[in-house]
Amino acid sequence: MIQDIYPHKLDISFKVRRPVEDSYVFHFSGMRFLCRTDADGNGNISVPEFASYPRPSGEFIYLFDLDGRSMFLDASEDEIENPGYSYENMKLFREGKPKELMFALSTAYHLSVWHRDNRYCGRCGAKMIHSGKERKFECPQCGNSVYPRIMPSVIVGVVNGDSILVTRYNMPNAKMAALVAGFCEIGETAEDTVRREVMEETGIRVKNIRYYASQPWGISAGGLLLGFWCDLDGDAAIHVDGEEIAEAAWVRREELKDCIGVDHPSLTSEMMAVFAEGKEK
Ligand SMILES: [Zn+2]
């Protein structure tokens, strides 16, 4: 999955740092990021180093270390010209390489949105100040504290014998390649979310809900995906909602190959691959 970058290591512990020559710099413009798409002739992506960064006097925010090298965010909003570099869509992180940089990119995007959206206090409107001791904005006027937003959601593998419930999003060009999924709502446990989302999207009742794994999903600016297995409870007849989901079907293990992306870093694809091999528990 996207976070599986061993032996590489993303060290997210908070530090007070200034960029040095070999620090990496991320700059985002909406959903696009500044990079070199074929940095070495092997299809590897790179982001600029501080030594050659064309806006050295900007506001640089320390993010984290990747393999001991510091990574920073250029907090300016204006796009910059950097010969050989271009602004590419964040979707590139799914298939881009090296994988460890793509995971750092996704996490950097999460933090960039947090910085962008918390310049002013949501309670009193005063200018926020970074605490300098941890990832926290503090309001000097009313004491409001704001930490990076983490939004849990569930990915659900509904099992019916040798079949699993596969869905297709109601979006142009969407493939029959998704599992039931949705954000946790107020007052819900993750298990409540599993029951509600499966019922809302497909009209199916489930039982024996068991946790599988989780995955940070920075591209949704704070997503934390929680994967669950569960079993069909009763009637297997599917009734799709027709809004979020266009289609859903029970797909047998041996037919799942067509649904799984190649070398795809998502929790959904991993769960499908695990089910195809009969290794879900
Ligand atoms: Zn305030």
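Remember, predicted model here, so these are calculated numbers, not experimental data. Excluded from the calculations below are hydrogen atoms, water molecules and symmetry mates; all remaining heavy atoms, backbone and side chain alike, are included.
- The OG atom of Ser153 sits 9.5 Å away from the CD atom of Gln215 when rounded to the nearest 0.5 Å.
- Taking 4.0 Å as the cut-off between side-chain N and carboxylate O, Asp65 and Arg17 count as a salt-bridged pair.
- Counting heavy-atom neighbours within 6.0 Å of Glu255 CD, excluding the residue itself, gives a total above 12.
- Sorted by first and then second residue, the pairs that involve residues 132-168 and meet ring-ring contact (aromatic ring centres under 6.0 Å, His included), not counting sequence neighbours, are Trp114-Phe137, His115-Phe137, His130-Phe137.
- Hydrophobic cluster membership differs between Val159 and Leu226, with clusters built from Ile, Leu, Val, Met, Phe, Trp and Tyr side chains linked at under 4.5 angstrom.
- Side-chain contact between Val180 and Thr202 is present, with at least one heavy-atom pair separated by less than 4.5 Å.
- A donor-acceptor pair is defined here as one N or O able to donate and one able to accept, closer than 3.5 Å; no such pair exists between the side chain of Arg210 and the backbone of Phe228.
- Within 6.0 Å of the CD atom in Glu134, the count of heavy atoms belonging to other residues, nucleotides or ligands exceeds 12.
- A donor-acceptor pair under 3.5 Å links the side-chain atoms of Asp67 to the main chain of Lys9, judged by distance alone.
- Within the 4.5 Å cutoff, the side chain of Leu179 has heavy atoms near those of the Met272 side chain.
- Arg205 places no side-chain N or O within 3.5 Å of a backbone atom of Gly203 that could act as its donor or acceptor partner.
- Under a 3.5 Å cut-off, the side chain of Arg135 and the backbone N or O of Leu63 do form a donor-acceptor pair.
- Distance check, rounded to the nearest 0.5 Å: CG of Asn89 to CZ of Arg94 gives 11.0 Å.
- No chain of hydrophobic side-chain contacts below 4.5 Å, direct or via other Ile, Leu, Val, Met, Phe, Trp or Tyr residues, connects Val154 to Val274.
- Between the His110 side chain and the Ile150 main chain, no donor and acceptor come within less than 3.5 Å of each other.
- Put simply, the side chain of Leu10 does not reach to within 4.5 Å of the side chain of Gln3, judged on heavy atoms.
- Counting non-hydrogen atoms of other residues, nucleotides and ligands closer than 6.0 Å to NZ of Lys15 gives a total above 12.
- For Phe64, there are no ring pair (Phe, Tyr, Trp, His ring centres under 6.0 Å) partners, not counting sequence neighbours.
- Judged by distance alone, the side chains of Glu188 and Thr193 do bring a donor and an acceptor atom under 3.5 Å apart.
- In terms of hydrophobic clustering, with Ile, Leu, Val, Met, Phe, Trp and Tyr side chains grouped at heavy-atom distances under 4.5 Å, Ile204 and Ile164 are assigned to different clusters.
- Relative to the ring axis of Tyr24, Arg69 places its NZ or CZ within 45° and under 6.0 Å from the centre.
- Side-chain contact annotation: Glu270 with Tyr212, donor-acceptor N/O pair under 3.5 Å present.
- Annotation: cation-pi pair Lys133/Phe14 absent, no NZ/CZ under 6.0 Å from the ring centroid and within 45° of its normal.
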Going through the checks in order, is the side chain to side chain contact (heavy atoms under 4.5 Å, CB included) test met by Glu280 and Arg253? CA-CA 11 Å; Glu280 86 286 354; Arg253 295 185 202 277; 3.0 Å; yes
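- Of all non-hydrogen atoms in Leu92 and Phe33, the two that sit nearest each other are CD2-CZ, 4.1 Å.
- Partners of Glu243 by side chain to side chain contact (heavy atoms under 4.5 Å, CB included), not counting sequence neighbours, listed by chain and number: Asp241.
- The closest side-chain heavy-atom distance from Val113 to Phe28 is not below 4.5 Å.
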Take Arg55 and Asp74 through the salt bridge (charged side-chain N to carboxylate O under 4.0 Å, His left out) test and state the conclusion after the steps. CA-CA 9 Å; Arg55 191 158 52 194; Asp74 172 0; 3.0 Å; yes
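- A continuous path of hydrophobic side-chain contacts links Phe93 to Ile12 [ILVMFWY only; heavy atoms under 4.5 Å].
- Between the CG atom of Leu73 and the CZ atom of Arg116 there is a distance of 11.0 Å, given to the nearest 0.5 Å.
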Would you check, one step at a time, whether the test side chain to side chain contact (heavy atoms under 4.5 Å, CB included) holds for Asn160 with Leu165? CA-CA 8 Å; Asn160 179 14; Leu165 189 57; over 6 Å; no
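- Note that NZ of Lys136 is 4.0 Å distant from OG of Ser145, once rounded to the nearest 0.5 Å.
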Full working for side chain to side chain contact (heavy atoms under 4.5 Å, CB included) between Ile209 and Arg195: CA-CA 9 Å; Ile209 298 167; Arg195 282 184 282 270; 3.3 Å; yes
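- Closest of all the heavy-atom pairs between Trp229 and Met271 is CH2-O, 3.3 Å.
- Proximity of a side-chain donor or acceptor of Ser220 to a complementary backbone N or O of Trp217 within less than 3.5 Å is detected.
- Shown here for Leu101 and Ser46, the closest heavy-atom pair between the two residues is CD2-CA, 4.0 Å.
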Between Arg196 and Glu185, does the side chain to side chain contact (heavy atoms under 4.5 Å, CB included) criterion hold? Intermediate values first, please. CA-CA 10 Å; Arg196 176 179 55 74; Glu185 293 196 357; 3.4 Å; yes
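- Here the CD-CG distance, from Glu100 to Leu105, works out to 12.0 Å after rounding to the nearest 0.5 Å.
- Across every non-hydrogen atom of Val156 and Cys230, the tightest pair is CG1-SG, 3.6 Å.
- Applying the side chain to side chain donor-acceptor pair (under 3.5 Å) test to pairs two or more places apart or on separate chains, those with a residue in residues 163-177 are Arg168-Glu247.
- Checked by atom type and distance alone, the side chain of Tyr211 pairs as donor or acceptor with a backbone atom of Ser214 at under 3.5 Å.
- Connection of Ile2 to Met102 is established within a shared hydrophobic cluster, with ILVMFWY side chains joined at heavy-atom distances below 4.5 Å, either directly or through further cluster members.
- Within the 3.5 Å criterion, the main-chain N or O of Ser266 finds no donor-acceptor partner in the side chain of Ser269.
- Here the closest non-hydrogen pair linking Trp250 and Val158 is CZ3-O, 3.5 Å.
- With a 4.5 Å cut-off on side-chain heavy atoms, Leu111 and Pro148 count as touching.
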Which pairs of donor and acceptor atoms, one on a side chain in residues 79-86, lie under 3.5 Å apart (sequence neighbours left out)?
{"unit_1": "Glu79", "atom_1": "OE2", "unit_2": "Ser29", "atom_2": "OG", "d": "2.7"}
{"unit_1": "Glu79", "atom_1": "OE2", "unit_2": "Arg32", "atom_2": "NH2", "d": "2.3"}
{"unit_1": "Ser86", "atom_1": "OG", "unit_2": "Glu88", "atom_2": "OE2", "d": "2.7"}

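- Side chains of Ser76 and Asp78: a donor-acceptor N/O pair is absent below 3.5 angstrom, by distance only.
- Sorted by first then second residue, the ring-ring contact (aromatic ring centres under 6.0 Å, His included) pairs that include residues 36-63, not counting sequence neighbours, are Phe50-Phe60, Tyr53-Phe60, Tyr62-Phe72.
- Heavy-atom minimum distance, Cys35 versus Ile45: CB-CG2, 3.9 Å.
- In this structure, CG on Leu66 lies 6.0 Å from CD1 on Ile5, to the nearest 0.5 angstrom.
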